[in-house]
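Data first, discussion second: the structure below is written as structure tokens.
Because the structure is a prediction, the values reported are computed rather than measured. As a basis for the values below, the full set of heavy atoms in this structure was taken, side chains included, without hydrogen atoms, waters or symmetry mates. Count residues from 1 along the sequence.
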Amino acid sequence: MNFIEFERDCLQAHNQYRAKHGSPPLSLDRRLCNYAKEWAEYLARRKIFEHRANNRYGENLYMSIGRPNLCGRDPVNSWYAEIKDYKFKLGVFSLETGHFTQVVWKGSKRLGVAMVRSGNRIYVVANYDPPGNCDGQFLNNVLPALVLSSWLEPLQYKADMATVKRTVIIKQVPAGGAPNQPPPKPITISQADFEKGCLEAHNKFRAMHGTPAISINPNLTQVAAKWAQNLAKRQKMEHSPNGKYGENIYYSSGQQVTPEMPAKMWYDEIAKYDFAKAQFNPYTGHFTQLIWRDTKQVGVAYATSGEKVWVVANYDPPGNVNGFFKDNVPPKK
């Protein structure tokens with residue numbers, strides 16, 4: 001089964017389950033499929049399994065180990081099976097049923113899905129727009145299954161849903177504005193002002209841990225700008241092969257990005273860092289580089305492509321050096 005068939009099979013499975021609950025069908029959205037593929041590739045490359053941070057869309061994840069093939073409806077069947085634990089009368093979010101409620105969420109209109117293989121693992125990411133699982137809206141968006149009294153009714157219901165689907169396509173509004181209007185720019189300030197603001201955010205967080213302030217190095221800025229442009233051109237999210245400098249990267253789509261946002265996201269990894277062990281952790285590497293005591297200089301640059309933005313920060317001397325975490329990553333004062 002090729003990739004296009006996987007998308008269509010996944011969409012069909014979604015809409016079959018949604019029809020059971022009186023939810024209008026989803027339509028495939030190429031932009032969302034590309035967005036889902038970016039994260040699926042990231043998970044496969046890192047061999048991790050976690051949701052995308054700062055995601056403006058709903059998201060379901062699925063991973064299979066050891067299966068030679070996967071159909072588009074396989075992950076959807078798994079997500080929908082959570083219905084057995086969902087309490088329709090309560091109408092509240094639950095970690096045990098969040099995939100199911102997103103699948104049938106009545107307010108969602110568009111679907112993007114991607115499958116990426118890495119060794120014996122298969123990663124599937126599905127994104128939904130508008131997102132589901134919104135507090136206070138479950139009773140109106142997650143309805144009990146319809147009871148159909150004859151075989152004629154499903155056929156009639158399918159025809160009704162096809163009409164709704166055409167309406168959705170005609171009236172589809174691109175993210176960020178009205179029809180035929182370009183999406184808003186993800187960054188509205190100059191490269192120099194963005195770098196300055198990001199530097200200030202770095203030093204604010206570093207001061208909280210007693211590590212000295214760092215300064216901007218124009219040469220590092222050029223290195224960061226070159227890699228950010230490379231990522232935007234290739235629509236990728238990966239680190240530079242140049243290991244001379246430390247590096248933090250950030251990606252966003254469909255929202256305004258301020259200079260503080262990348263540093264804040266990197267710093268928030270502190271929640272997973274174990275100061276007692278004081279060692280490298282792939283889930284906290286951005287945080288430890290951001291406050292690394294021995295780092296003296298940084299260069300920050302961004303690149304954009306439509307509503308997407310990539311931010312790269314390079315550091316000198318680099319952080320995250322094995323054996324030096326205890327001295328360079330102190331706890332908060």
Side-chain angles (χ1 to χ4, degrees), residues 42-43 45-55 187 189 191-225 227-228 231 237-252 257-302 309-333:
Y42 179 84
L43 297 178
R45 186 167 57 250
R46 294 292 187 90
K47 290 183 170 54
I48 58 177
F49 192 66
E50 61 184 31
H51 283 286
R52 186 194 294 252
N54 299 322
N55 197 343
I187 297 181
I189 64 175
Q191 289 275 0
D193 287 341
F194 188 91
E195 182 177 44
K196 181 180 178 181
C198 197
L199 173 69
E200 291 174 352
H202 273 72
N203 286 334
K204 178 188 73 173
F205 290 125
R206 291 175 66 88
M208 293 166 58
H209 293 259
T211 57
I214 55 179
S215 60
I216 292 174
N217 181 324
N219 292 330
L220 289 178
T221 301
Q222 292 181 7
V223 173
W227 188 244
L231 295 177
M237 182 64 174
E238 59 191 21
H239 281 286
S240 166
N242 182 357
K244 183 177 180 180
Y245 305 112
E247 182 175 82
N248 280 351
I249 54 178
Y250 170 93
Y251 169 82
S252 176
V257 177
T258 65
E260 299 81 14
M261 288 170 64
K264 176 65 165 56
M265 190 185 81
W266 298 332
Y267 183 81
D268 284 347
E269 293 178 358
I270 187 176
K272 298 181 180 179
Y273 184 71
D274 189 334
F275 287 93
K277 291 184 177 179
Q279 61 188 22
F280 179 75
N281 182 330
Y283 299 104
T284 60
H286 299 96
F287 158 68
T288 49
Q289 171 60 88
L290 189 149
I291 69 165
W292 193 263
R293 184 187 296 276
D294 286 348
T295 294
K296 307 297 182 185
Q297 297 178 316
V298 67
V300 180
Y302 69 79
V309 56
W310 289 259
V311 178
V312 176
N314 285 118
Y315 304 84
D316 188 38
N320 293 333
V321 181
N322 286 331
F324 293 89
F325 279 80
K326 191 73 173 180
D327 293 333
N328 281 276
V329 187
K332 277 186 181 181
K333 282 189 169 184

Quiz prompt | With E247 via side chain to side chain donor-acceptor pair (under 3.5 Å) - residues at least two apart | solution = H239, N314
Quiz item: Looking at CG of D316 and CG of N219, how far apart are the two atoms once the value is rounded to the nearest 0.5 Å?
Solution: 10.0 Å
Quiz prompt | Residues in ring pair (Phe, Tyr, Trp, His ring centres under 6.0 Å) contact with Y42, at least two apart in sequence or another chain | solution = W39
Exercise. Give the intermediate values and the outcome of side chain to side chain contact (heavy atoms under 4.5 Å, CB included) for residues N203 and I214.
Key: CA-CA 7 Å; N203 286 334; I214 55 179; 3.4 Å; yes
Quiz item: Does K47 have any side-chain contact (heavy atoms from CB on, under 4.5 Å) partners at least two apart in sequence or in another chain, and if so, which?
Solution: S118, R121, Y123
Practice problem: Walk me through it: do F194 and V311 pass the test side chain to side chain contact (heavy atoms under 4.5 Å, CB included)? | Solution: CA-CA 10 Å; F194 188 91; V311 178; 3.9 Å; yes
Exercise. Indicate the atoms forming the closest heavy-atom contact of H286 with N248, along with that distance.
Key: O-ND2, 3.1 Å
Quiz item: Are the side chains of L231 and Y251 in touch, meaning some heavy atoms are under 4.5 Å apart?
Solution: no
Quiz item: What's the shortest heavy-atom distance between V312 and A224, and which atoms?
Solution: O-CB, 3.5 Å
Quiz prompt | Partners meeting ring pair (Phe, Tyr, Trp, His ring centres under 6.0 Å) with Y283 (sequence neighbours left out) | solution = none
Quiz item: How are the rings of W266 and H202 set relative to one another: parallel (under 30°), tilted (30 to 60°) or perpendicular (over 60°)?
Solution: perpendicular
Exercise. Please tell me if the side chains of S252 and Y302 come closer than 4.5 Å, counting only heavy atoms from C-beta onward.
Key: no
Self-check item: From Y315 atom OH to L220 atom CG, the distance as rounded to the nearest 0.5 Å
Solution: 10.5 Å
Quiz item: If you look at every heavy atom in I187 and V309, which pair is closest and at what distance?
Solution: CD1-CG2, 3.4 Å
Exercise. Flag the pair N281 / D274 as yes when at least one side-chain heavy-atom distance between them is below 4.5 Å, and no otherwise.
Key: no
Quiz item: How about P212 and R293: do any of their side-chain heavy atoms sit closer than 4.5 Å?
Solution: yes
Quiz item: Which atom pair, heavy atoms only, marks the closest approach of G319 to T295?
Solution: N-OG1, 4.0 Å
Quiz item: What pairs with E238 under side chain to side chain donor-acceptor pair (under 3.5 Å), at least two apart in sequence or on another chain?
Solution: R234
Quiz item: What pairs with D268 under salt bridge (charged side-chain N to carboxylate O under 4.0 Å, His left out), at least two apart in sequence or on another chain?
Solution: K264
Atom pairs and distances, side-chain donor-acceptor, residues 323-333, under 3.5 Å, sequence neighbours left out:
residue: N328; atom: OD1; partner: W292; partner atom: NE1; Å: 3.4
residue: N328; atom: OD1; partner: D294; partner atom: N; Å: 2.9
residue: N328; atom: ND2; partner: F324; partner atom: O; Å: 2.9

Exercise. Taking side chain to side chain donor-acceptor pair (under 3.5 Å) as the test, write out the residues that go with N217, two or more places apart.
Key: Q297
Quiz item: Does Q279 reach the main-chain N or O of N322 with its side chain, forming a donor-acceptor pair under 3.5 Å?
Solution: no
Quiz prompt | I189 versus P259, closest heavy-atom pair with distance | solution = CD1-CG, 3.6 Å
Self-check item: side-chain hydrogen bond (donor to acceptor under 3.5 Å, both in side chains) contacts in which one or both residues fall within residues 204-214, not counting sequence neighbours
Solution: H209-Y267
Quiz item: Considering all heavy atoms of both residues, which atom of V300 and which atom of V298 are nearest to each other, and what is their separation?
Solution: CG2-CG2, 4.0 Å
Quiz item: Quick one: side chain to side chain donor-acceptor pair (under 3.5 Å) partners of Y250, sequence neighbours excluded?
Solution: none
